[in-house]
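A short write-up of the structure that comes next.
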Amino acid sequence: MPELFKKVLVANRGEIAVRVLRACRTLGIKTVSVYSTADRYAVHTLMADECYEIGPPPPLESYLCIDKIIDAAKKAGADAIHPGYGFLAENAAFSQACIDNNLVFIGPSPESIQLMGNKVESRKKMVNAGVPLIPGMKDAGESIEQFRKAADKAGYPVLIKAAAGGGGKGMRVVHKQEELETAVDGAKREAKSAFGDDTVYLEKYITDPRHIEFQVFADSHGNAVHVFERECSIQRRHQKIVEESPSIAVTPELRKKMGEAAVEVVKAANYVNAGTVEFLLDTSGKFYFLEMNTRIQVEHPITEEVAGVDLVAEQLRVASGFPLSKQFKNLSQRGHAIEVRIYAEDAGNNFMPSIGKILLYQEPTGPGVRIDSGVRHNSEVGIDYDPIMAKLICWGEDRDTARARMVKALSEYKILGLRHSIKYLSDIVAHEKFGSGETYTDFIERNFSDWSDGVDENMEMALATAAVANALVKPDHVASGNGDMGSRDYNPWLTIGSWRIGEKIK
Ligand code: MV4
């Protein structure tokens, strides 16, 4: 009989580190965090039972430094390392280094990570497994003649992609033959500089697709399941903005077919632990394997809410050697969940990162409202890392209830001291086209390319002044007509609406 880990090191920071630390606590596992000097007082640092400094703020000198993290794990006597997402999560060398040092990497094998990191190799593997692929090259392209032939066969438009790619880097759309050679050369150059590998290949370009991904899970005893889909079509420059589950484009029949294909991918890759199989769904309802992400993802909570499972706790159990727990063998979907990512950035000004100290931090709550956050009152948001502060996840019996809860929760979410994306997110979720489910990958470009928050700096200053004045008013001096507020703490943040303090008046 396997035994749960006694102590786990979390090789990450921010909201995902906090999420993993929570799961460890739920299972009674002792926790170790690592932190850069910029994160000395971060939530994840202070929350663990033990913490180890691993270097200066730049990721290459701390959160990406394999040796320092392995050293910390050994010093602490940890049994296993959870990599979260980003940083070293999909680094085969890190997964291998854990094995070499007698530590369990909470994730798949180095071989699975490597296979899925190479899009040409993973395509080859999936052809053999009978998983539907986007029409295109069976191998990396060598000569321009090969690209011409493949493009003619697939039919224009086509897409040039980097084998080492993913996340959109090194992609070029080609509409006619005359543009092909330039696009191949450009894609090669970009791939070389982004990944140190200039291997590129060609696929038919799917127009107006939806991005549908399946959560998958496999144990080390040969069991593999899917935990339904997430629709992540609402993106901006390959950054997801809103995710939901279930997808309104997926019927029960399609779910069955796509889910079976996702499980085939898992089996063909000898995959163990949590993963995500991405598909494109075209306008005619055909689906194609896109890639597999070999990590727990940012948007995993919507799956947890709809399926009623704890994916991170299951990662810990499965990595300890347990078979999939019984709730994973009898899964069903209930209701609808939506997630938005709360970033420290200025959505009204080209999404410039916004740095500084959080002066006031107030999270919403209520039925169906969940927040996974990595910050609190007085947290510093710096320039060294991805500026995600938190995720807000709303669940409801149906999509409209989840949406209404999201809009309400966003209106109660108060973060002062930095620019943030709350109003932008609220406008998206409340948008008529979002309501009707026209959520294709060009949703943002189509409907939000000229979005502005409509807040003028003078008005903001006036509102800030009014809020301070209001905060100084004693409850029994509040104007009548508001019910029996006299007996409560008067809190102006609840009703003041979506204003914030920006850089200019800090
Ligand atoms: C595609 C595609 C259309 N046709 N492949 C973007 C990120 C990378 N993982 C794959 N991507 C795409 N691959 C073919 N053959 C369109 C995209 C794409 C996209 C995919 C999912 C979500 C948002 C997207 C936004 C632009 C392009």
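In each ligand, atom 1 is the first atom listed, and ligand 1 is the first ligand listed.
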Legend entry - Side chain, backbone, both or neither: the part of Thr441 lying under 4.0 Å from ligand 1 by heavy atom: side chain
Inset, instruction - Just need the protein heavy atom nearest to atom 9 (N) of ligand 1, so name the residue and atom and give the distance. - result: Glu291 OE1, 3.0 Å
Legend entry - Closest to atom 20 (C) of ligand 1 (judged by heavy-atom distance), picking from Leu281, Ile234, Thr207, Leu280: Leu280
Inset, instruction - Distance to 0.1 Å, residue and atom name: give those for the protein heavy atom nearest to atom 7 (C) of ligand 1. - result: Gly168 N, 3.5 Å
Legend entry - Test item: side-chain donor near acceptor, Ser247 and Arg210, under 3.5 Å: no
Legend entry - Any N/O pair Gln235/ligand 1 closer than 3.5 Å: no
Legend entry - Identity and distance of the protein heavy atom lying nearest atom 4 (N) of ligand 1: Ile206 N, 2.9 Å
Inset, instruction - Examine His431 together with Phe443 and report whether their ring centres are nearer than 6.0 Å. - result: yes
Legend entry - Polar proximity ligand 1 side, Cys232 side, N/O cut 3.5 Å exclusive: no
Legend entry - Lys408 and Glu412 ion-paired at < 4.0 Å: yes
Inset, instruction - Answer yes when Arg189 and Asp185 have at least one side-chain N-carboxylate O distance shorter than 4.0 Å, and no when they do not. - result: no
Inset, instruction - Counting heavy atoms only, name the option from Lys161, Lys240, Glu445, Arg210 that's nearest to atom 13 (N) of ligand 1. - result: Lys161
Legend entry - Atoms in ligand 1 with a heavy atom of Tyr205 nearer than 4.0 Å: 3 (C), 4 (N)
Legend entry - Salt-bridge criterion met for Lys124 and Asp139 (N-O under 4.0 Å): yes
Legend entry - Glu243/Arg230 ion pair, N-O < 4.0 Å: no
Inset, instruction - Verify the ring-centre separation between His226 and Phe214: is it less than 6.0 angstrom? - result: yes
Inset, instruction - Using a strict cut-off of less than 4.0 Å between a Lys/Arg side-chain nitrogen and an Asp/Glu carboxylate oxygen, indicate whether Arg255 and Glu229 qualify as a salt bridge. - result: yes
Legend entry - Check: Tyr385 ring centre within less than 6.0 Å of Tyr63 ring centre: yes
Inset, instruction - Starting from atom 11 (N) of ligand 1, locate the nearest protein heavy atom and write down its residue, its atom name and how far away it is, to 0.1 Å. - result: Met171 SD, 3.7 Å
Legend entry - Shortest reach to atom 18 (C) of ligand 1 by a heavy atom, considering only Lys119, His238, His211, Lys169: His238
Inset, instruction - Among all protein heavy atoms, pick out the one at the shortest distance from atom 14 (C) of ligand 1; state its residue, atom name and that distance to 0.1 Å. - result: Leu159 CD2, 3.4 Å
Inset, instruction - Please work out whether any backbone atom (N, CA, C, O) or any side-chain heavy atom from C-beta onward of Lys204 is under 4.0 Å from ligand 1, and answer side chain, backbone, both or neither. - result: backbone
